Every structure is written in C-alpha cells, then in structure tokens.
Amino acid sequence: VRGKPIFRGMQAEGREWITLFSPGAIAKFDYVFTDAMTFTDYRGRRMRIWIPEEVWIDDKQQFMDQLTGKIEAILSQEPVDIYVNPTVLPAILMPEYDQLWTDARVVRIIRVLADNHVALEINARYKIPSPAIIMKAKAAGVKFTFGTNNTGADTGRLEYCLDMIKTCGLTPTDMAMPREQNQKPVLV
C-alpha cells in the first residue's frame with residue numbers, strides 16, 4: 001500500500017509484541033493500536049477475554065481491578081497510538097458493564113490515556129465505551145478514533161460511532177490523527 005492515500009496501521013496483539021518487532025519496523029506504520037483483550041492474569045493464566053473458555057473470573061471486583069491495572073500498564077509502557085476495543089469485558093460480564101466500570105476505574109483509564117496521548121477508539125461492534133465514558137475522556141482532552149474489531153466482511157457503517165458524534169458533541173478537533181515521524185511513541 002506504499003504510495004496509496006491511506007494510513008497504515010499495526011495491530012499490536014498480546015503483550016509480547018514489543019519484543020517481536022524492532023523500533024524501526026514499528027515506526028514504518030502511521031499508527032499502532034492495541035487492546036487489553038489478551039493478558040496474563042495474577043495466577044499466570046493467559047487470558048483472551050473474547051474466548052469464554054480462556055476467561056477465569058474468581059471474583060468480579062478483583063478481575064476488574066486486575067483488568068484496570070493491565071490497561072494502565074499497557075497504555076503507559078507500550079508504544080501505542082490508539083487503545084481499541086476499550087472497556088470491553090468478557091461476555092459473561094458485559095451485562096454488568098455500567099456497574100463494573102466504576103467512576104474510579106474510568107478515571108484511572110482516562111488519566112493514563114491523557115498522560116500518554118493515546119487515542120480512545122469508539123467501537124461500533126461492541127458499542128463501547130459508553131457515552132458517559134466518552135464525555136469524561138473528551139473533557140480530559142483525549143482524542144478519538146472509530147473502529148469495529150471486524151471479524152468478517154460485515155463491518156457495518158459505524159452506526160454507534162456516528163451516534164456518539166451527536167450524543168457526545170464530538171467535532172473534528174476531537175479526532176486523532178497520526179503523529180509526525182519524530183513524535184511516534186516507539187521513537188520517543
């Protein structure tokens with residue numbers, strides 16, 4: 001796609017990705033995005049939270065505290081531009097989304113996004129984050145992107161994202177753009 005009028009993105013999957021690519025290779029991309037859907041829990045179990053058989057929740061609050069800490073570590077230690085699939089929870093917990101994403105946890109996530117200049121994806125597939133979280137992030141100066149975590153040909157038309165533009169009063173200045181080469185996190 002070199003020479004084409006598009007942005008090139010790198011998906012950084014799993015926490016070991018930073019050991020698999022050189023800074024020079026990573027810097028060839030316009031942006032790097034990651035999520036917190038793959039991590040090792042406090043007992044050393046590798047979780048992929050979109051696969052029910054690979055999710056262990058001994059205690060909901062403990063799981064949420066652990067997930068919040070993992071997100072903080074990822075966004076403060078990995079050279080990424082965009083946090084995608086944000087605030088997604090294992091399917092078994094999604095019905096309790098608003099209760100589990102407490103104000104204290106949301107403040108921690110927004111702080112690490114703002115402190116590290118990482119954009120927050122508004123995800124059309126999972127319909128996350130909630131409008132309340134988007135508004136808090138906007139107030140903190142966090143920039144946004146739109147995405148789907150598409151797993152097939154039907155990516156939709158970003159309906160949730162477009163709804164959030166209206167609901168949250170997002171403007172073009174609220175949207176993230178790729179950084180200049182010398183400002184890329186992997187090179188800074």
Side-chain angles (χ1 to χ4, degrees), residues 9 11-15 17 33-76 78 80 82-114 118-140 142-170 174 176:
Q11 179 176 359
E13 172 62 30
R15 309 296 37 106
W17 75 273
F33 64 95
T34 197
D35 58 35
M37 294 176 73
T38 303
F39 63 90
T40 302
D41 77 358
Y42 67 98
R43 288 191 177 177
R45 300 172 292 197
R46 184 174 175 94
M47 282 206 218
R48 294 187 293 173
I49 67 173
W50 71 96
I51 302 173
E53 299 80 28
E54 294 186 22
V55 173
W56 297 274
I57 301 171
D58 302 321
D59 173 273
K60 291 177 188 178
Q61 296 303 323
Q62 182 184 49
F63 176 86
M64 289 303 298
D65 290 340
Q66 176 182 224
L67 178 60
T68 302
K70 293 290 183 181
I71 293 167
E72 288 173 313
I74 290 165
L75 299 179
S76 64
E78 296 181 16
V80 299
I82 306 169
Y83 172 43
V84 301
N85 303 312
T87 67
V88 72
L89 298 173
I92 194 166
L93 295 181
M94 281 303 282
E96 299 175 67
Y97 179 95
D98 289 325
Q99 294 77 36
L100 293 171
W101 279 115
T102 63
D103 284 340
R105 290 179 181 128
V106 168
V107 165
R108 288 172 57 189
I109 301 305
I110 290 171
R111 182 179 306 122
V112 74
L113 286 164
V118 176
L120 179 64
E121 177 191 69
I122 299 173
N123 186 287
R125 177 180 180 201
Y126 294 119
K127 297 180 174 45
I128 54 174
S130 67
I133 293 173
I134 293 169
M135 293 296 291
K136 289 176 184 173
K138 178 181 174 179
V142 173
K143 300 294 184 182
F144 300 93
T145 65
F146 299 151
T148 62
N149 192 30
N150 57 306
T151 58
D154 182 17
T155 60
R157 299 173 98 35
L158 300 176
E159 292 89 345
Y160 181 74
C161 304
L162 297 173
D163 286 346
M164 291 303 101
I165 289 173
K166 294 176 190 164
T167 300
C168 300
L170 300 178
D174 294 313

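None of the values given here were measured: they were computed from a predicted structure.
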What is the distance from atom [atom1] of [X] to atom [atom2] of [Y], rounded to the nearest 0.5 Å?
X    : Y    : atom1 : atom2 : result
I71  : T87  : CD1   : OG1   : 7.5 Å
M47  : L67  : CE    : CG    : 9.0 Å
E159 : T148 : CD    : OG1   : 11.0 Å
M64  : Q99  : CE    : CD    : 10.5 Å
L158 : D163 : CG    : CG    : 11.0 Å
R48  : F39  : CZ    : CZ    : 13.0 Å

Tell me, please, which residues at least two apart from N123 pass side chain to side chain donor-acceptor pair (under 3.5 Å).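 N123 satisfies side chain to side chain donor-acceptor pair (under 3.5 Å) with N85, E121 once adjacent residues are dropped.
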
Side chain to side chain donor-acceptor pair (under 3.5 Å) with R15: which residues, sequence neighbours excluded?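 Counting only residues at least two positions away or on another chain, R15 forms a side chain to side chain donor-acceptor pair (under 3.5 Å) with T34, E78.
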
Can you give the donor-acceptor pairs under 3.5 Å from side chains of residues 124-133 to other protein atoms, not counting sequence neighbours?
| from | atom 1 | to | atom 2 | distance (Å) |
| --- | --- | --- | --- | --- |
| R125 | NH1 | N149 | O | 3.1 |
| Y126 | OH | N149 | ND2 | 3.2 |
| S130 | OG | I133 | N | 3.3 |

Within residues 60-71 or reaching into it, pairs that qualify as side-chain hydrogen bond (donor to acceptor under 3.5 Å, both in side chains) - sequence neighbours excluded: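 As it turns out, the side-chain hydrogen bond (donor to acceptor under 3.5 Å, both in side chains) pairs with a partner in residues 60-71, which skip direct neighbours, are Y42-Q62, K60-E96, Q61-R105, D65-R105.
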
Is there a side chain to side chain contact (heavy atoms under 4.5 Å, CB included) between L100 and F63? Walk through the geometry before answering. CA-CA 10 Å; L100 293 171; F63 176 86; over 6 Å; no

Under a 4.5 Å cut-off applied to non-hydrogen side-chain atoms, are [X] and [Y] in contact?
X    : Y    : value
V88  : Y97  : no
F144 : C168 : no
W17  : V80  : yes

Check L113 against Y83 and note the closest heavy-atom contact, atom names and distance.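 That closest heavy-atom pairing would be CD2-CB, 3.9 Å.
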
Closest heavy-atom contact between P86 and L120?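 It is CB-CD1, 3.4 Å.
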
Tell me whether I92 at atom CD1 has more than 12 heavy atoms from other residues, nucleotides or ligands lying less than 6.0 Å away.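 12 or below, so no.
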
Residues forming a salt bridge (Lys or Arg N to Asp or Glu O under 4.0 Å) with R111, sequence neighbours excluded: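 Residues passing salt bridge (Lys or Arg N to Asp or Glu O under 4.0 Å) with R111: none at all.
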
For the backbone of R45 and the side chain of W56, can you confirm whether one donor and one acceptor N or O come within less than 3.5 Å of each other?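 Not a single qualifying donor-acceptor pair exists.
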
Report the C-alpha separation of I49 and L93 in whole Å, then their side-chain angles, then the decisive distance to 0.1 Å, and conclude whether the side chain to side chain contact (heavy atoms under 4.5 Å, CB included) test is met. CA-CA 10 Å; I49 67 173; L93 295 181; over 6 Å; no

By side chain to side chain contact (heavy atoms under 4.5 Å, CB included), which residues pair with A176, not counting sequence neighbours?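 Listed in chain order: A119, K143, T145.
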
Please step through side chain to side chain contact (heavy atoms under 4.5 Å, CB included) for the pair W50 and V55, ending with a clear verdict. CA-CA 8 Å; W50 71 96; V55 173; over 6 Å; no

